[in-house]
Amino acid sequence: MTGNEAAPERLASAAAATAYQREWFHALPARVAAGEPLALANADAPHEVLRALNVPYVVNQWWSSIISAKRAGAASLAAVAARGLPDYSRQYDVLPLGAQELPAGEAPWGGLPEPRFAIAERGGDVTHKIYEQWGRRSGTETFLLSRTAPDPAPEGWWDLVPHRWEEVFGAERIDLLQGEIEELVQWLEVRLDRRLDRDRLARVMALANEQAEWNRRTRDLLAAARPLPVPVTDIIPSVMVPQWHRGTTWAVDAARRLHDDVARRIDEGAAVWPGERRRMMWIGRGLWSDLDMYRSFQEDFGAVFVWSMYLAIAADGYVRYGDDPVRALAARFVGLTDLLYVPPMSSSWYVKEALAHGVDGVVHLVADDTPGGALISAALEERGIPVLEIRGSNADGRSTADLRQRIAGFLRDRVAPST
Amino acid sequence: MTPGGRPVIGIVGGDVPAQLVRAAGGLPSRLTGSWTGALDAGAADLLGAADAVVVRLLADVRDGRVRCDGLVVCADSQAHVRLFSVLRSTAPTLPLHLLDKPRTSSPAARRFARFQLRRLASFVSGLSGREPDAAALAVAARDERELAAALERLRDRRIAVPPRCSGSIALEACLEAGRLDPAAAIARLDAARSDVPAAAVRVHLTGSDHPDATLYRVLEEHGCVVVSEDHGTGDGAWLGAAADAADAADLDEAIDRLVELHAARVGGSATASSAQRAELTLQAALRSSAQVVAGVVRELDEAPAWDVPDQSARLGEAGIPLRMRTRVRAGEEVAAARALAGEIVREAASA
């Protein structure tokens with residue numbers, strides 16, 4: 001440390017969320033062995049249906065992040081290649097498929113029990129093919145939902161999506177997904193031999209909205225706080241673990257706990273780095289295999305990463321109010337990913353967030369499967385916010401090997417300290 | 001505009017039923033890009049990690065090398081969706097339309113497909129000033145049926161032993177047919193004939209779409225003949241799809257019928273399952289008595305590479321070898337095709 005105080009200890013809500021998730025996951029094998037059907041669901045699949053039907057589910061991209069963080073990514077990709085499948089395509093989405101081939105001793109946390117259901121939207125060119133592979137595993141059946149293209153894609157969506165989502169996404173796109181969610185419900189009901197309780201689904205939706213409202217308050221606190229009171233590496237698990245338990249009272253409580261922890265830190269005058277001089281935004285997926293990276297520019301540059309998409313999209317992207325829970329659920333997922341990646345939806349939102357958080361510079365990790373990177377970067381640069389754009393995958397360390405040097409150069413050459 | 005005052009509707013992708021565009025007063029003109037040519041840095045930057053063929057296509061549109069009065073982009077691959085998004089943000093004066101056809105045939109999907117085709121008809125009508133009435137739909141359906149018959153005649157010439165038309169000539173004819181009026185397209189397809197050496201190795205082509213015939217020519221100059229294909233710009237192009245006049249008394253009926261035809265197709269690799277694609281490849285290869293199935297898959301055209309294990313397995317059951325080049329980078333396509341041809345011919349000679 002160079003004249004700065006030690007960083008505050010880990011946020012209690014982050015530790016609690018991580019511990020909860022580990023405990024939840026470690027209990028899964030016994031639940032599956034006892035006959036509970038496990039679902040593997042993509043991040044943009046309508047999880048709330050599973051929640052309301054009392055089906056435990058693991059989110060593909062969350063499991064990918066664990067595989068990456070536990071350094072099992074390379075072995076998982078090798079397992080994909082060993083089946084003749086491309087190990088260079090949609091790596092973030094395909095890691096769990098490969099990890100199923102790893103011996104239990106090598107798989108993170110003992111490995112994922114074989115899912116009964118694999119559920120995804122047909123995102124990109126190959127998500128449906130990855131899930132086709134899942135559907136060939138013994139005991140696993142796949143259900144695919146349509147993914148319509150982002151038309152329309154209005155700016156300023158964040159003020160509209162809570163109530164006026166029909167305007168944002170278009171009624172016909174929502175009609176399609178609503179119809180397919182109903183098909184998914186029937187498909188599950190037949191296999192589970194149980195009926196969806198629509199009132200329960202409505203309660204799940206209400207809890208998810210309540211959780212999103214807490215996230216919005218937390219995001220607003222952090223946007224206004226100077227200096228940053230909580231590291232993004234604590235914020236991410238505090239938001240994302242509850243996100244994957246969306247629609248439960250535990251998740252609402254966890255979101256409220258995060259809010260209260262952040263508020264307390266602000267009241268206490270806590271600082272991640274008291275010598276904060278440059279406020280940085282990280283756009284793109286988290287660098288799970290090197291979380292220390294987010295802290296590694298504090299001492300030399302006073303550069304603190306104050307923003308990642310995980311809290312921000314949880315704050316703005318998920319809330320949907322409506323009388324029909326299935327239609328509102330369709331509206332939640334019909335264009336969720338587009339909010340992050342498709343201009344002008346995405347670009348206008350990142351600019352809004354950057355300005356609200358007083359960001360001095362942006363590191364923008366653009367993965368092969370995420371569109372719109374250049375237009376997002378251009379929109380930020382037009383507002384005078386310098387951007388370092390890095391093309392690579394967070395799931396493949398080879399593509400981010402020189403990341404720290406590049407960020408250091410960027411900070412030195414382009415990011416002026418805050419006045 | 002055409003000399004007759006009809007708007008030229010540029011089309012990217014393979015989901016547009018030409019009948020609807022013609023009935024609404026437009027001239028459909030399929031744009032496919034090219035295998036070769038420099039990659040424009042600005043276009044590449046805007047699209048991000050996208051198939052080089054689509055990068056070249058974007059550069060063509062941005063630099064004014066594409067002459068059309070309106071552009072329809074199909075959401076049949078992520079590269080095409082990116083192309084649409086980039087043009088929407090950067091070319092505000094270009095009449096631009098996205099056609100987003102679902103890939104399932106559920107009632108909800110069919111409703112959405114109908115909505116999409118009605119929007120497409122409105123887009124073209126907005127440029128032409130002409131509504132697709134029953135008479136126009138009937139004429140356009142007749143034209144499509146005649147085009148389909150010409151395509152079938154071309155297929156027969158290609159699969160004959162020995163073939164009576166090379167793959168490169170056939171592909172060029174198909175590509176041009178996607179840009180011509182029906183009568184000219186039929187004449188162009190019927191004129192596609194050539195002598196093919198009896199010793200040429202019969203190849204069915206799969207993998208990435210072929211935007212032009214460059215690689216076909218390379219294969220055929222090195223001892224192969226492409227007798228059939230299942231990619232999206234040759235025999236897989238959606239030419240000749242017609243809503244039958246008897247069923248299509250008005251636009252809604254025609255659209256219903258076109259939705260049925262769409263649901264019955266096996267789409268391109270980015271939209272169909274690997275199992276469907278493998279079965280399509282096998283059946284097409286069997287029909288054309290192909291000795292080998294081969295393909296070139298471009299870097300960042302992800303989907304075809306996922307089909308390879310299934311294709312290999314299904315073709316293996318029928319005793320047909322599969323020879324692929326995957327992750328082929330821009331600038332390396334011709335060399336990849338040359339190497340592929342060499343491998344195929346060597347193996348055939350030693351068999």
Side-chain angles (χ1 to χ4, degrees), chain A residues 83-86 88-90 94 122-126 128-133 135-136 142 144-153 170-173 175-183 338 341-347 366-375 377-379 389 391-393, chain B residues 42 44-51 73-82 84-86 88-90 97-100 102-104 106-109 111-116 119 268-277 297 299-310 312-313 326-327:
Chain A
R83 295 170 63 174
L85 298 167
Y88 49 86
S89 161
R90 288 265 168 170
V94 82
R122 304 170 64 96
D125 291 346
V126 302
H128 62 105
K129 292 182 190 285
I130 294 171
Y131 277 76
E132 184 183 6
Q133 296 292 328
R136 294 176 185 182
T142 287
L144 292 169
L145 298 134
S146 290
R147 168 83 168 273
T148 49
D151 183 24
E172 293 79 8
R173 293 176 66 199
D175 287 344
L176 172 57
L177 189 53
Q178 181 183 3
E180 293 190 341
I181 291 173
E182 293 287 4
E183 289 171 29
D338 303 334
Y341 298 115
V342 176
M345 286 179 130
S346 55
S347 46
V366 182
D368 282 358
D369 61 319
T370 56
L375 291 168
S377 297
E389 199 174 282
R391 306 279 168 126
S393 168
Chain B
D45 191 46
L46 283 167
L47 285 169
D51 184 355
V73 180
C74 301
D76 56 358
S77 75
Q78 275 308 291
H80 289 165
V81 173
R82 287 187 187 201
F84 170 79
S85 292
V86 166
R88 178 171 58 187
S89 292
T90 61
H97 184 83
L98 182 74
L99 178 66
D100 188 8
R103 305 300 158 186
T104 59
S106 66
R111 272 197 305 277
F112 188 72
R114 284 194 288 274
F115 163 72
Q116 286 288 321
R119 279 184 74 214
S269 183
T271 63
S273 71
S274 293
Q276 288 175 310
R277 292 294 305 171
V297 179
E299 177 81 328
L300 300 176
D301 181 19
E302 296 174 284
W306 281 84
D307 299 334
V308 171
D310 279 17
S312 180
T326 57
R327 304 198 74 180

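Since the structure is predicted, the reported quantities are computational estimates derived from the model, not experimental observations. The chains referred to below are lettered A, B, ... by the order of the sequence lines, with proteins before strands, and numbering in each begins at 1.
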*asked:* For B:Arg114, which atoms come within 4.5 Å of any heavy atom of chain A: side chain, backbone, both, or neither?
replied: neither
*Between B:Phe84 and A:Pro150, which heavy-atom pair has the shortest distance, and what is it?*
CE2-O, 4.5 Å
*Which atoms of B:Leu47 come close to chain A, meaning under 4.5 Å heavy atom to heavy atom: side chain ones, backbone ones, both, or neither?*
neither
*Where does B:Val81 contact chain A at under 4.5 Å (heavy atoms): side chain, backbone, both or neither?*
side chain
*asked:* Can you tell me which portion of A:Val366 sits under 4.5 Å from chain B's heavy atoms? Options are side chain, backbone, both or neither.
replied: neither
*Taking A:Glu132 for its side chain and B:Ala275 for its backbone only, find out whether a donor-acceptor pair lies under 3.5 Å.*
yes
*Can you tell me how far the OG atom of B:Ser273 sits from the CD atom of A:Gln133, to the nearest 0.5 Å?*
10.5 Å
*Kindly give the heavy-atom pair with the smallest separation between B:Arg88 and A:Pro343, and that separation in Å.*
NH2-O, 3.8 Å
*Hey, is the main chain of B:Thr271 close enough, under 3.5 Å, to the side chain of A:Arg122 for a donor-acceptor pair?*
yes
*Between B:Ser89 and A:Leu375, what is the shortest heavy-atom contact and its length?*
CB-CD1, 3.8 Å
*Go through the atoms of B:Ser106 and report whether side chain, backbone, both or neither lie under 4.5 Å from a heavy atom of chain A.*
both
*Pick whichever of B:Thr90, B:Val86, B:Asp307 has the most heavy-atom pairs under 4.5 Å with chain A.*
B:Asp307
*CG/A:Leu176 to OG1/B:Thr104 distance, rounded to the nearest 0.5 angstrom?*
6.5 Å
*For A:Ala378, is it the side chain, the backbone, both or neither that has a heavy atom under 4.5 Å from a heavy atom of chain B?*
neither
*asked:* In the structure I gave you, are the side-chain heavy atoms of A:Arg136 and B:Asp310 within less than 4.5 Å of one another anywhere?
replied: yes
*If we only count heavy atoms from C-beta on, is the B:Ser269 to A:Lys129 side-chain gap below 4.5 Å?*
yes
*Which bit of A:Glu182 is near chain B, if near means a heavy-atom gap under 4.5 Å: side chain, backbone, both or neither?*
neither
*Which heavy atom in A:Glu183 sits nearest to a heavy atom in B:Pro107, and how many Å separate them?*
OE2-CD, 4.3 Å
_For B:Ala305 versus A:Tyr88, what's the shortest heavy-atom pair and its separation?_
CB-OH, 3.4 Å
*asked:* Less than 4.5 Å apart, side chain to side chain, heavy atoms only: is that true for B:Arg103 and A:Leu144?
replied: no
*Look only at the side chain of A:His128 and the backbone of B:Ser274, and say whether a donor-acceptor pair between them is shorter than 3.5 Å.*
no
_A:Ser89 versus chain B, the contacting section by heavy-atom distance below 4.5 Å_ = both
*4.5 Å side-chain heavy-atom contact, A:Asp151 and B:His97*: no
*Where is the tightest heavy-atom contact between A:Gly124 and B:Gln78, given as atom of each residue plus distance?*
CA-CG, 3.1 Å
*Of the backbone (N, CA, C, O) and the side chain (C-beta and beyond), which part of B:Asp45 lies under 4.5 Å from a heavy atom of chain A, both, or neither?*
both
*Do you know which of B:Ser77, B:Ala79, B:Ser312, B:Gly48 has the most heavy-atom pairs under 4.5 Å to chain A?*
B:Ser77
*Side chain, backbone, both or neither of B:Ala75 within contact of chain A (heavy atoms, under 4.5 Å)*: side chain
